[in-house]
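Report on the structure given below.
Note on naming: letters A, B, ... go to the chains in the order of the sequence lines (proteins, then strands), and numbering restarts at 1 for each one.
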Amino acid sequence: MKNKYDKWLVREMETWEKEGLADRGTIEKITAYYKAKEENEPNKLGAILGVLGSILIGLGIILILAKNWGYFPRGVKVTISLIPFLIGSFGGIFIIKKGVSGWIKEAAAIFTTIGILTAVVMSGQIYHILVDEWVLFFIITMLSLPLVYLYGSTLDLAAYLVLGSLCMFMTDLTDLWTKVILGMIIIGASIPFVKVRYNKDKFGFETGWCQVFLALAGFAFISSLAYNGVLLRELYFTYFILLVGLDALLYEDTLAFTMRPFAVVGNIGLYITLFVFTFSEFWRYVDTSNVNWQHMLIIVLFVGVVIGIIAKLITSKRDFTKRLFIYFIAIAMIIGFRLFGLLGNESSVILAVVLNIIFISLSIMTLREGIIYSSMSRMNIGLMLLAAITLARFFDSEFSFLVKGIVFIICGVIFLLANLYLAKKRKKEMTHV
Amino acid sequence: MFKNNKRLKTLICIFCLQLIVILYISLSYELVALTGNAYKFNIEGYDPIDPLRGRYLAYIIDTETITSDLGSYTGKCYITIKQDKDGYAYLDKAYKEKPKEAGTDYISGQKYGDGYYETPFTKYFVNETIALKAEQLFRENSEKSYVMVKVKNGKSIVEGLYIGDKLIDNYFQ
């Protein structure tokens with residue numbers, strides 16, 4: 001029991017025993033429990049160094065091969081390009097056979113994946129030909145997928161999702177539905193693994209970063225549709241709502257943000273997009289003539305999933321943030337404006353004004369929560385959001401001085417009231433103590 | 001997720017599958033290199049770096065010779081190859097579907113809008129130590145440069161980049 005929390009616990013337990021809050025037997029049981037936990041904990045530094053080592057060796061081999069050994073015949077070059085893959089695979093088979101676990105398994109998985117990448121990519125160098133790179137990356141991604149499950153490697157999942165994201169970014173000229181199916185296959189294939197990790201250790205560090213990579217791969221998936229003219233603004237916003245909804249399904253709202261990866265990515269994304277949406281300039285030049293049924297179908301698909309999640313939250317009586325309804329109103333309104341061709345020179349201002357009101361309302365809600373729960377971080381976020389929108393409107397030439405003046409006065413009053421309320425609350429709390 | 005023995009068996013099966021796919025990629029190109037029809041394309045070029053595959057001489061094949069009935073179509077296309085009276089190959093006509101006429105060699109490419117094409121022949125990978133000298137030689141002799149391309153059933157590889165009748169790599173041995 002070495003860390004500062006353990007030392008604190010030891011000190012506290014001595015006090016509990018003195019005060020008669022716990023007997024000697026209970027204290028010994030607690031001590032034994034934490035000692036066993038500490039012994040079973042994997043060596044994190046060793047794991048990081050081991051995995052980093054194998055990544056560096058793999059990348060080093062790629063660089064050595066990139067030197068291009070011109071004097072070797074083609075057959076030798078092909079054989080050399082296979083070596084990292086063969087070393088990784090045979091090493092992995094040996095490790096699994098011996099039943100070794102921990103970082104060595106992670107290292108074998110990641111090394112084999114780098115080996116697959118090397119072998120496939122080098123064919124382009126050897127034959128001086130680069131055709132449909134997204135197909136090559138899709139093959140690499142799919143070949144590395146079984147390793148994620150077989151080795152149970154979270155790091156390899158990260159590598160798989162990075163490769164998949166690269167593949168999705170390379171699909172520029174591919175047709176829309178191929179991209180959609182591609183994204184669904186790549187992301188869908190990783191979900192069971194993340195689910196298993198979640199069920200095994202809901203708050204684990206590895207579960208957390210699996211979710212972060214999954215959320216970012218989803219973002220890459222949506223971005224890959226940009227070239228086909230999909231309604232990207234709406235889709236990004238819907239996707240971030242989906243993440244916040246997923247978070248509400250998986251974790252309690254009272255849990256710290258840092259323990260909820262979907263909430264972190266979802267909320268950051270939502271506030272950034274919503275902030276950008278508050279600029280009327282942003283909506284003025286949106287072309288509403290290119291909306292076709294294919295684009296709408298994709299939006300409907302995502303909105304459908306969001307509705308499903310909200311319905312599930314309601315029926316299972318989960319305690320979730322009511323902001324979800326506000327987000328949903330915002331997205332319904334944005335889609336409505338686009339769908340009915342309302343984004344003209346005049347009407348786009350209406351959308352921007354409503355979105356400003358929504359943004360300010362959400363900022364005030366955050367501020368209020370910060371005050372209610374005495375959470376300085378939430379209160380600071382609320383104030384920061386309010387400050388951001390105030391500054392943006394101060395420099396915004398799109399609104400009249402009257403509108404700007406009123407918004408500034410309202411914001412100023414809110415700041416003062418928040419300060420007053422907090423001071424009163426603190427005073428009340430102090431008198432109770 | 002898996003019992004250890006079952007995991008080992010699955011891993012061996014997956015390894016075999018991965019190896020087959022990787023070998024298929026290389027061998028399919030090797031088959032073209034061994035049995036494909038050879039074409040010489042005139043080129044122009046310069047020297048950059050690919051982070052994964054190393055240094056290469058980037059070159060361009062003339063696409064202005066390509067005709068098509070595809071209008072402003074953007075996407076994958078198939079371009080037939082013909083030879084001029086001097087024995088040099090040129091890109092002839094672009095199609096949306098693979099050409100079905102027997103004996104017609106073609107390559108796959110990308111068409112952008114009204115008449116911009118991208119072919120798979122853009123990079124010739126060279127040894128790091130000779131890259132700069134090769135680039136200089138290439139610049140000084142661009143009118144004598146060509147790539148030898150092997151084509152079979154729409155699949156193609158670049159056999160070599162030549163200056164005159166000599167492979168560029170051989171100038172520095």
Side-chain angles (χ1 to χ4, degrees), chain A residues 59 62-71 74-75 77-79 81-82 85-86 88-90 92-93 95-99 112 115-132 136 139-140 142-147 149-152 172-175 192-193 196 200, chain B residues 1-2 4-5 7-8 10-15 17-19 21-23 25-30 32-33 49-56 74-76 107-112 118 120-131 147 149-150 155-161 169-170 172-173:
Chain A
L59 293 177
I62 292 183
L63 289 175
I64 290 169
L65 291 173
K67 182 181 166 63
N68 195 345
W69 303 90
Y71 35 83
R74 272 203 306 261
K77 279 186 184 178
V78 170
T79 313
S81 73
L82 283 173
F85 165 66
L86 293 174
S89 296
F90 287 127
I93 290 169
I95 285 164
I96 298 287
K97 200 177 172 192
K98 292 281 171 193
T112 313
I116 294 170
L117 172 76
T118 312
V120 176
V121 164
M122 281 302 150
S123 66
Q125 185 210 64
I126 296 164
Y127 297 96
H128 309 284
I129 199 89
L130 303 169
V131 192
D132 292 339
L136 282 188
I139 292 170
I140 297 166
M142 285 297 114
L143 288 180
S144 68
L145 177 67
L147 304 176
Y149 285 89
L150 284 166
Y151 289 93
D172 274 3
L173 286 175
T174 317
D175 78 279
F193 182 84
V196 168
K200 201 173 158 192
Chain B
M1 211 173 277
F2 291 92
N4 209 40
N5 199 25
R7 188 195 300 256
L8 184 67
T10 318
L11 186 62
I12 292 168
C13 293
I14 291 293
F15 163 70
L17 184 76
Q18 288 168 333
L19 191 65
V21 175
I22 291 168
L23 284 178
I25 293 169
S26 290
L27 290 178
S28 63
Y29 286 129
E30 190 57 37
V32 179
I49 302 171
D50 180 308
L52 288 176
R53 303 176 184 95
R55 281 187 175 271
Y56 61 87
T74 293
K76 189 165 185 166
I107 57 162
S108 59
Q110 290 283 358
K111 183 176 182 294
Y112 298 87
E118 201 177 78
F121 320 122
T122 50
K123 294 176 180 178
Y124 184 76
F125 293 93
V126 287
N127 184 289
E128 188 186 21
T129 51
I130 65 159
V147 283
V149 172
K150 286 268 182 95
K155 198 151 190 161
S156 49
I157 63 132
V158 176
E159 185 107 289
L161 192 153
D169 311 62
N170 294 346
F172 309 100
Q173 279 177 359

### From I12(B) atom CD1 to I93(A) atom CD1, the distance as rounded to the nearest 0.5 Å
5.0 Å

#### Entry: Max heavy-atom pair count under 4.5 Å with chain A, selected residue of G160(B), S108(B), S156(B), G75(B)
S156(B)

#### Entry: Closest-packed option against chain A by number of heavy-atom pairs under 4.5 Å, given V32(B), L23(B), I22(B)
I22(B)

### Task
Identify which part of K150(B) has an atom lying under 4.5 Å from any heavy atom of chain A, answering side chain, backbone, both or neither.
neither

### Message
Students often mix this up, so state it plainly: with edges at 30° and 60°, are the rings of F90(A) and F15(B) parallel, tilted or perpendicular?
### Response
tilted

### Summary
Cut-off 4.5 Å, heavy atoms of chain B, and the answer for L143(A) is both

### Query
So do Y151(A) and L11(B) actually touch side chain to side chain, heavy atoms under 4.5 Å?
yes

#### Entry: When L161(B), I157(B), T122(B), V147(B) are compared by non-hydrogen pairs under 4.5 Å with chain A, the top option
I157(B)

### Task
First locate atom CD1 of I25(B), then atom CD1 of I139(A), and finally report the distance between them rounded to the nearest 0.5 Å.
4.5 Å

### Task
Between chain B and each of S144(A), S123(A), G99(A), count heavy-atom pairs under 4.5 Å; write down the option with the most.
S123(A)

### Query
OH/Y124(B) to NE2/H128(A) distance, rounded to the nearest 0.5 angstrom?
4.0 Å

### Task
Might you work through the side-chain contact (heavy atoms from CB on, under 4.5 Å) test for Y149(A) and T10(B), ending with a clear yes or no?
CA-CA 11 Å; Y149(A) 285 89; T10(B) 318; over 6 Å; no

### Query
Less than 4.5 Å apart, any side-chain heavy atom of V120(A) and any of V21(B)?
no

### Summary
In this structure, CD of E30(B) is separated from CD1 of I126(A) (nearest 0.5 Å) by 9.5 Å

### Query
Measuring heavy-atom distances to chain B, does V121(A) have an atom under 4.5 Å in its side chain, in its backbone, in both, or in neither?
both

### Query
Any idea which heavy atoms bring G124(A) and F125(B) closest together, and the distance?
O-CE1, 3.5 Å

### Query
In terms of heavy-atom proximity below 4.5 Å to chain B, should I95(A) be classed as side chain, backbone, both, or neither?
neither

### Task
Pick whichever of L19(B), L17(B), V149(B), L27(B) has the most heavy-atom pairs under 4.5 Å with chain A.
L19(B)

#### Entry: Contact check, side chains of E159(B) and R74(A), non-hydrogen atoms, under 4.5 Å
yes

### Message
Would you say that I116(A) contacts Q18(B) through its side chain, given a criterion of any heavy-atom pair below 4.5 Å between the two side chains?
### Response
yes

### Nearest-0.5 Å distance that lies between atom OG in S89(A) and atom CD1 in I14(B)
10.5 Å

